[in-house]
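Input: a single structure, listed below in structure tokens.
A, B, ... follow the sequence lines: proteins, then strands. Residue 1 opens every chain.
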Amino acid sequence: MEHQSEREVLVDRLLTRGTVDVVVRERLRARLLGDRPLRVKLGVDPTRPDIHLGHYVCFRKLREFQALGHHVVVIIGDWTARIGDPSGRSTQRPMLTAQEVAANAQTYLDQFFKVVDVNRAEIVWQSTWFGKFNLEDVIRLTSKYTVAKLLTREDFAKRYEEGSPISITELLYPLLQAYDSVAIQADVEIGGTDQLFNLLVGRDIMREYGLEPQDVLTVPLLVGTDGYLKMSKSYGNYIGVSEPPEEMFGKIMSVPDHVLGDYLRLLTDLPDEQIAQWLDEMAAGTLNPRDVKERLALIIVSDLHSPQAAERAREYFHRVHRLREVPEELPEVPVPPRARVIDFIVRAGFARSNNEARRLIMQGGVRLDGERLDDPEAVMELFGPAILQVGKRRFARLLPSAQDS
RNA sequence: GGGGGGAUGCCCGAGUGGCCAAAGGGGCCUGGCUGUAAACUAGGUGCGCAAGCUGCGGGGGUUCGAAUCCCUCUCCCCCCA
């Protein structure tokens, strides 16, 4: 094998590490190595502006394109978001007002540009072209694709087979997304593996409109913190890119051991050999997965916040979760100097009702200044600030004040 | 247009007149253990100090007593045409 240039190494890495499908591989490789900056499309759904590490996988891939001098084009799906999406089984995507869409899009972009270089990116609003579409344009678009082809998409096929409803609107969505590629003359479109079909429709439609078909690249769907389902807000197994450093760090530390390989490969730039070595050592029992998680957490929090924030988060985690110490900073809660313990707990927001507070005490989960409490009906008198602890990791500093009663 | 099924606690889902504050699972919380907020394990999980109150889509009714029966409204789904 010939010696590869540095650029070739980067390109090959882009096409393999954290990448599932590439269509058409050799063509894309050649174009990535070429002089012309490629227009790399990412479609964004402003219905749900909550970005988690699953999206981050995709953003990182875009960053790789940028590092090679290519150009990212973000399409805000504002037009489709306002129509709504009667998607399959789960909750329907609601119709949003223009204001909601704009606000969501802004939130999305704020998070997006934490990762992707804003100077090599362009933001485009889908309504720029669909806002002008008339019925004739729609008919023309729909004439360029067939129902049979649409029904080859896995979820459509399945639902059609079982007799579940598929609205025509839904069938239209892949075409609309495909037309976006026509509108911006995309060279490449990227998305999660679940998007493969839609991305390929883009190729067909572009050809129909007399354009060079885009190449397509998919990234894996990141498994969530439950270690089983794909990461998603609706499954509650996500780590948001905007979460505070401590929370993010803690969530990464609590991820099941068996997802570490994926997380390291998809969320860090660590060399493959390094990752393989760690996995071997963990399997052999010579390396504690906890320590790997800590390194992983440091890397991710550093990237999404800052190295300083990551270090602080690490220290916090150590104190609270490993050494079981009280954190340095904790929320302060004004309380009456004399009250039932359960009132303190509820005041601090650690229980939603008195009964819940009682249960916590009876289960042995409540400490006041380090002393475990056992009487749910106890009345305490505080002569100065006291530290209330509920469970292993919830703390508050109680500040007694006479006027607050 | 016709016929049928369904709506239960944060979620899924049992229950078809009293033993139902409502099985089971998930989630979440707490204890234990530990290698971490992993895994495992035990328990808890409407409100109220209590008597008790609220509660099974909304409203009304039958009954000593209703998640369970009747009427009505709203919404969802399926089949036939």
Side-chain angles (χ1 to χ4, degrees), chain A residues 86-92 94 159-167 223-229 231-240 243-264 278-279 281-298 300-301 313-327 339-346 348-368 371-380 388-395:
Chain A
S87 65
R89 50 239 138 185
S90 52
T91 45
Q92 298 194 346
R159 286 159 62 194
Y160 186 67
E161 198 59 37
E162 347 171 296
S164 308
I166 302 170
S167 73
V223 66
T225 53
D226 61 325
Y228 174 58
L229 298 168
M231 185 174 283
S232 152
K233 181 150 194 218
S234 42
Y235 297 147
N237 61 356
Y238 70 102
I239 302 174
E243 291 185 21
E246 288 77 14
E247 202 165 323
M248 192 182 285
F249 198 98
K251 280 194 182 183
I252 295 168
M253 289 302 291
S254 76
V255 123
D257 294 353
H258 70 264
V259 306
L260 277 177
D262 279 349
Y263 275 43
L264 290 166
W278 284 354
L279 292 176
E281 288 175 14
M282 278 192 282
T286 53
L287 177 61
N288 188 334
R290 181 196 61 193
D291 297 329
V292 176
K293 286 178 198 177
E294 190 171 296
R295 290 172 211 173
L296 175 68
L298 272 175
I300 296 174
V301 177
R314 192 177 71 88
E315 276 164 27
Y316 177 89
F317 188 85
H318 267 255
R319 283 183 81 96
V320 176
H321 302 299
R322 288 181 72 176
L323 304 175
R324 299 276 166 80
E325 289 176 359
V326 178
R340 294 180 301 175
V341 180
I342 54 175
D343 293 327
F344 293 147
I345 298 169
V346 172
F350 297 154
R352 270 178 299 183
S353 65
N354 294 347
N355 278 341
E356 191 177 330
R358 273 190 203 96
R359 275 183 230 124
L360 288 167
I361 295 172
M362 287 190 281
Q363 291 176 131
V366 178
R367 289 165 190 268
L368 192 63
E371 296 279 326
R372 179 167 286 180
L373 304 176
D374 54 10
D375 178 7
E377 305 303 334
V379 174
M380 306 291 292
L388 176 71
Q389 176 180 5
V390 171
K392 291 189 178 69
R393 58 183 190 276
R394 290 184 287 177
F395 299 90

### Task
Find the distance A/Asp291:CG to B/U34:C1' and express it as a whole number of Å.
14 Å
### Query
Nearest nucleotide by nearest heavy atom, which residue falls closer to the 5' end of RNA chain B, A/Glu356 or A/Asp257?
A/Asp257
### Task
With heavy atoms under 4.0 Å as the rule, sort A/Arg352 into base, sugar-phosphate or nothing.
nothing
### Message
Mind checking if A/Pro289 touches a base, just sugar-phosphate, or nothing, with heavy atoms under 4.0 Å?
### Response
base
### Query
Using atom P of each nucleotide, how far apart are B/C33 and B/A42 to the nearest Å?
15 Å
#### Entry: Side-chain donor/acceptor contact of A/Arg324 with base of B/U34 under 3.5 Å
yes
### Rounded interatomic separation in angstrom, taking CG from A/Leu373 and C1' from B/G31
15 Å
### Query
Could one point to a donor on the side chain of A/Gln363 or the base of B/G31 with an acceptor on the other under 3.5 Å away?
no
### Summary
From CZ of A/Arg393 across to C1' of B/A37 the rounded distance in Å is 5 Å
#### Entry: Mate of B/C40 where both pairing distances stay under 3.5 Å, Watson-Crick or G-U
B/G32
### Query
Is it true that a side-chain atom of A/Arg314 and a backbone atom of A/Glu294 form a donor plus acceptor pair closer than 3.5 Å?
no
### Task
Give the rounded distance in Å between these two atoms: CG of A/Asn237 and P of B/G26.
16 Å
### Task
Could you check if a side-chain atom of A/Val320 sits within less than 4.5 angstrom of a side-chain atom of A/Phe395, using non-hydrogen atoms only?
yes
### Task
Could you tell me whether the phosphate oxygens of B/A37, OP1 or OP2, come under 4.0 Å of any side-chain nitrogen or oxygen in A/Arg394?
no
### Under 3.5 Å: donor-acceptor pair, side chain of A/Lys251, backbone of A/Tyr238
yes
### Message
Which nucleotide wins on minimum distance to the side chain of A/Glu377, given the candidates B/A38, B/C49, B/G44?
### Response
B/C49
#### Entry: Residue matched to B/G24 through Watson-Crick or wobble contacts both under 3.5 angstrom
B/C12
### Task
To the nearest Å, give me how far apart CE (A/Met282) and P (B/G35) are.
17 Å
### Query
B/U45 and B/U62: how far apart are their P atoms, nearest whole angstrom?
36 Å
### Message
Please report the distance separating the P of B/U8 from the corresponding atom of B/U54, rounded so that it comes out in whole Å.
### Response
22 Å
### Message
So, OP1 or OP2 of B/G31: does either fall under 4.0 Å of a side-chain N or O from A/Lys392?
### Response
yes
### Span that lies between the C1' atom of B/C53 and that of B/C69, in whole angstrom
25 Å
### Query
With under 30° as parallel and over 60° as perpendicular, where do the rings of A/His321 and A/Tyr316 fit, or are they tilted in between?
perpendicular
### Query
Is the shortest side-chain N/O distance from A/Arg358 to OP1 or OP2 of B/C49 below 4.0 Å?
yes
### Query
Which one is paired to B/G55, where only Watson-Crick or G-U wobble pairs with both distances under 3.5 angstrom count?
none
### Query
Is the phosphate of B/G48, meaning OP1 or OP2, less than 4.0 Å from a side-chain N or O of A/Ser353?
yes
#### Entry: Below 4.0 Å: OP1/OP2 of B/C49 and any side-chain N or O of A/Asn354
yes
### Query
If we take the P atom in both B/U63 and B/G24, what is their distance in whole Å?
35 Å
### Message
Using Watson-Crick or G-U wobble geometry with both distances under 3.5 Å, which nucleotide pairs with B/U74?
### Response
B/A7
### Query
Closer to the 5' end of RNA chain B via nearest nucleotide, is it A/Arg340 or A/Ile252?
A/Ile252
### Message
Nearest whole Å is fine: how far is B/A37 P from A/Phe249 CZ?
### Response
13 Å
### Query
With distance as the sole test, does A/Arg358 use its side chain to make a donor-acceptor pair with the main-chain N or O of A/Glu377 at under 3.5 Å?
no
### Query
Using atom C1' of each nucleotide, how far apart are B/G13 and B/C20 to the nearest Å?
16 Å
#### Entry: Atom-pair distance (NE2 on A/His318; P on B/A37), nearest Å
12 Å
### Task
State which of B/G35, B/A37, B/G31 makes the closest approach to the side chain of A/Ser254.
B/A37
### Query
Atom CG of A/Asn355 and atom C1' of B/G52: how far apart are they, to the nearest Å?
13 Å
### Query
Taking the P atom of each, how far is B/C28 from B/C73, in whole Å?
42 Å
### Query
Just by distance, do the side chain of A/Thr225 and the backbone of A/Asn237 share a donor-acceptor pair under 3.5 Å?
yes
### Whole-Å P distance, B/C64 and B/G58
25 Å
### Task
Please say whether more than 12 non-hydrogen atoms of neighbouring residues, nucleotides or ligands are located less than 6.0 Å from CD in A/Glu325.
yes
